[in-house]
Amino acid sequence: MDADLDRKSVTDFQQRVYAQTSLIPKGKVVSYGELARALDCGSAQAVGQALRRNPFAPEVPCHRVVSASGDLGGFYGERGGEAAEKKRQLLEEEGVTFASDTQVNSHSFHQFSKGL
DNA sequence: AACCTGACGGACA
DNA sequence: CTGTCCGCCAGGT
C-alpha cells in the first residue's frame with residue numbers, strides 16, 4: 001500500500017544505524033563495533049554497510065564513526081583517501097583530538113548507555 | 001535461494 | 001608493529 005512506497009532503499013536496520021549515529025554528541029566518536037553493540041547487532045561490518053553509502057548524509061554525522069582501533073575507517077565510500085583527511089578535519093573542528101594523522105585519541109570515544 | 005562483498009574486530013604468526 | 005585468517009551480520013546481484 002502507500003506505506004510500501006517510502007521504505008525501499010532504506011531497510012529497518014539501516015534506519016536504526018542512522019538513528020543511533022545521529023545520537024553521537026559533537027566532539028566525540030564511536031566505533032562501528034560500539035554502534036553495532038548499541039543496535040544489538042554484534043557485527044560492525046553490518047553497521048559499516050549501512051553507513052557506507054548513507055543517503056542521509058550529512059544529516060547523519062557518519063564522520064563521527066571510526067574504527068575500534070582509533071583509525072578513521074572510511075568516508076564517502078573511500079578508505080584512507082582524501083575523504084579520510086576531510087573526515088579527520090571535521091572531527092578536529094568539533095573538538096576531537098588525534099593521536100596521529102589517521103588515529104583518533106582514545107579519550108575522544110563516546111559510550112552509549114548500557115542500561116546499568 | 002545461493003554466493004560474494006563490505007566505511008569491522010579480534011586473534012594469531 | 002605488520003600481515004593474514006576467521007567470524008560476525010546485512011545487502012546486492
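Since we're looking at a predicted model, the values are computed, not measured. Throughout, a chain's letter reflects where its sequence line sits, starting with A, and its residues are numbered from 1.
The CD atom of E93(A) lies 10.0 Å from the NZ atom of K26(A); values are rounded to the nearest 0.5 Å. Note: Q103(A) CD to S108(A) OG = 11.5 Å, rounded to the nearest 0.5 Å.
Considering only side-chain N and O atoms, R52(A) lies nowhere under 4.0 angstrom from the phosphate OP1 or OP2 of dG6(B). In this structure, T11(A) does not reach the dA10(C) phosphate: none of its side-chain N or O atoms is under 4.0 Å from OP1 or OP2. In this model, the phosphate group of dG6(B) is not approached by any side-chain N or O of R79(A) to a distance below 4.0 Å at OP1 or OP2.
Taking the six-membered ring where tryptophan is involved, the planes of H63(A) and F75(A) are perpendicular, since the angle between them exceeds 60° and thus also 30°.
Among the heavy atoms of the strands lying under 4.0 Å from G33(A) are primed sugar atoms or P, OP1, OP2 only; no base atom is included. Contact annotation for F13(A): backbone-only contact, meaning every heavy-atom pair under 4.0 Å involves sugar-phosphate atoms and none involves a base.
Atom pair Q14(A):CD and dA7(B):P shows a separation of 14 Å (rounding to whole Å applied). Atom-to-atom, CZ of R16(A) to P of dC9(C) comes out at 14 Å; the value is rounded to the nearest Å. Summarising the geometry, the separation between CD on Q49(A) and C1' on dC4(B) is reported as 11 Å, rounded to the nearest angstrom. Note: CD (Q45(A)) to P (dC9(C)) measures 11 Å, nearest angstrom. Rounded to whole Å, the distance from CG on L51(A) to P on dG11(C) is 13 Å.
F109(A) has its ring centre no less than 6.0 Å from the ring centre of H107(A).
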